[in-house]
A.B. asks: 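Structure in structure tokens, see below.
The structure presented is a predicted model; accordingly, all values stated were derived computationally and were not measured. Only this structure's heavy atoms are used, side chains among them; waters, hydrogens and symmetry mates stay out. First the proteins, then the strands, lettered A, B, ... as listed; each starts at 1.
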Amino acid sequence: MPRNILVCVAWPYVNNAPHLGHIAGMNMPADIFARYHRLAGNNVAMVSGSDMHGTPTALKAIDEGVTPEEIATRYHEIWSRCFEQMGFSYDCYTHTHTAHHQEVVHDIWNKLDEHGYLFEASQSMPYSLTENRFLSDRFVEGTCPNCGFDGARGDQCDKCGRTLDPADLINIRSKRDGSTPEFRDTTHVYLKLSAFQEQLSEWVATKDDWRPNVRNNTLNYLREGLHDRAITRDIEWGIPIPRDSYEHKRVYVWFEAVIGYLSATKLLAKERGEPDLWKSFWEDPAAESYYFQGKDNIPFHTIIWPGILMGYRGLNLPTDVVANEYLNLGATGFSKSRGNAVWLPDYLERYDVDPLRYYLTSIMPETSDSEFTWAGYLAANNNELVATFGNFVHRILTITNRNFDGVVPEPGDLDDADRTMLAACDTAITDTAAALEARHFRDGLRAGMSLAQQGNRYVDQKQPWATVKQDKQAAATTLWVGLNIIATLKTVFAPFLPSSCEKIHGMLGLPGTIAEDGWSRVEVKPGTKLGTPEPLFRKLDDSIVDEENARLVRPG
RNA sequence: GGCGAUGUAGCUCAGCGGUUAGAGCGAACGCUUCAUAAGCGUUAGGUCACAGGUUCAAAUCCCGUCAUCGCCA
């Protein structure tokens, strides 16, 4: 019985280009997970989109003299293109500045209102007289009343760590232009998050398979008691509010961005011409949903979004919130303040996709922050992908091609070594599946590489290149087993290295597509004509490490 | 300031109460030559962040300290 698996990927905030840190922790694991489940025969909807709204984009637009929509659209297109090139298999990748999304947000808003979870309250906020806008905490600074530091922000002083309110600042001024704001009252709509305290606590208590940081962070929030949160902002860029006298305010980005998971699923249903499709992911109690994102937005997915869903009623809560730590840019010359990073569009211009997918997965920050280094990338490509995996495939195919006219040979009787090897193939299929089901992506990848190593050992021991001269049948058996190892590798690596595995599929002369084979060990049939063997991965020169590091040191 | 996660071989990590602490990569040495000078084997390398404690027994549990990252205030 196929399962319904909703794969939700955090919505990137599009006011800059994507870099490797963005995709390592969420897009990669989500895509591997989605691809695995599709192969396993489950119904998958992998959804996300660009988060278009919010203050940073609005301000950047003012500074560049264009509309916020232009900025957001420009970056949305860049992100979309990169995701496509990376092979991220979204069923729907949309953005938040659409009539459809707005409709879904308003539906949620109205239901929450009906159910009594919204209320109004007013607060006093700094208002810029030069820009005619309210300034959020982060956009005012002044002298800290506690330590006298002059660069204290509206929410806290970086010098002494004291928490502040904008009203506490001495000589408060706009961070934008230095002008002095005045305090004005402003009314906002709040979400009564505190109402869900008990319900959320009970729900989280059942989630004993969540990663420790996700679970503990969430429990900590609940222990401290939930606060009601303002879900509107004084800003013109965003989703309009379905309420009178809120013409100059918009829905708070975080409130509406998480709703994107639902609106994107509904959009997918619409696009596929199956209007009720979304229900099988959101209303079927047996459906599962997995949310992939970085550690910084755990509470939005374990508290706020579930709270919204509880208030709306009738929609599934997250099965798991898979939060990864951060991927940092390693040692050589990295300077965060100068904005140096490995930008995805740059990478894609110069190198292949699968080696990056491989390396990022192998260092995925599952339990702690990890570091991307070009030396590590080079080593992973040359020593693991090329030498162990790619070369195994190539050597078997080449020997077969040369001695058996590129046709899968007929095996003779299998001996213990042959049977052990085939059993190892079955184990690799189940091990990888178990790792991915448990959302242990590095483990899953290792299971695949371990099979390639076993294959190399097996072939070394059997020496088909020698036996073919005296005992052609023995060589035939070995190569048949070898080709079956390749067929298995093609499956277990498919979620990680989709385009390489598609190539292998062709080189093995297998019918149909990888998708049709599913998550099972496909046996190669004697007599099948093989495709032309070609190297799967290209070896990179050591010099790229210095070249790339030099790029990082250069500012901008 | 509070909370959480992380700290184990040169690197990336596994182990999370019980024999001499493991894997992959890297290194050294040897074997091999079908293959993208690829493969295989052997060896070296660790006071398990630091300091206490509980236990017959701790990398593993408890307490404290330090470091890194994140969140909250």
A.B. asks: Going through the checks in order, is the ring-ring contact (aromatic ring centres under 6.0 Å, His included) test met by A:Tyr358 and A:Phe389?
C.D. replies: CA-CA 12 Å; A:Tyr358 179 82; A:Phe389 176 29; 8.4 Å; no

A.B. asks: Give one of base, sugar-phosphate or nothing for A:Glu366, where a contact means two heavy atoms less than 4.0 Å apart.
C.D. replies: nothing

A.B. asks: Output the rounded distance in Å from CG (A:Asn216) to P (B:C71).
C.D. replies: 17 Å

A.B. asks: Counting just side-chain N and O atoms, does A:Arg538 come under 4.0 Å of either OP1 or OP2 of B:U36?
C.D. replies: no

A.B. asks: With a 3.5 angstrom cut-off on both distances, give the Watson-Crick or G-U wobble partner of B:C25, or none if there isn't one.
C.D. replies: B:G10

A.B. asks: Suppose we define a pair by two distances each less than 3.5 Å, Watson-Crick or G-U wobble; what does B:C50 pair with here?
C.D. replies: B:G64

A.B. asks: What are the two closest heavy atoms between A:Trp79 and A:Tyr13, and how far apart are they?
C.D. replies: CZ2-O, 4.4 Å

A.B. asks: For a quick check of understanding: with a heavy-atom distance under 4.0 Å over all strands, which category does A:Leu536 fall into, base, sugar-phosphate or nothing?
C.D. replies: base

A.B. asks: Are any of A:Thr400's side-chain N or O atoms less than 4.0 Å away from OP1 or OP2 of B:A35?
C.D. replies: no

A.B. asks: Counting any heavy atom closer than 4.0 Å, what does A:Arg215 reach on the DNA or RNA strands: base, sugar-phosphate only, or nothing?
C.D. replies: nothing

A.B. asks: Under 4.0 angstrom, heavy atoms only, what part of the nucleic acid is A:Pro535 near: base, sugar-phosphate, or nothing?
C.D. replies: base

A.B. asks: What does A:Glu224 touch in the nucleic acid at a heavy-atom separation under 4.0 angstrom: a base, only the sugar-phosphate, or nothing?
C.D. replies: sugar-phosphate

A.B. asks: Distance check needed: B:U6 P versus A:Asn217 CG, whole Å only.
C.D. replies: 11 Å

A.B. asks: So what does A:Arg211 hit on the nucleic acid, given a heavy-atom distance under 4.0 Å: a base, only sugar-phosphate, or nothing?
C.D. replies: nothing

A.B. asks: Does B:G70 pair with anything, Watson-Crick or G-U wobble, both distances under 3.5 Å, and if so, with which nucleotide?
C.D. replies: B:C3

A.B. asks: When we call it a touch if two heavy atoms are under 4.0 Å apart, what does A:Ser450 touch: a base, just sugar-phosphate, or nothing?
C.D. replies: nothing

A.B. asks: With heavy atoms under 4.0 Å as the rule, sort A:Asn213 into base, sugar-phosphate or nothing.
C.D. replies: sugar-phosphate

A.B. asks: On RNA chain B, check which nucleotide each of A:Lys469 and A:Ile363 is closest to and give me the residue with the more 5' one.
C.D. replies: A:Ile363

A.B. asks: Expressed in angstrom and rounded to an integer, what is the separation of A:Tyr221 atom OH from B:A5 atom P?
C.D. replies: 15 Å

A.B. asks: Distance check needed: B:G24 C1' versus A:Phe441 CZ, whole Å only.
C.D. replies: 20 Å

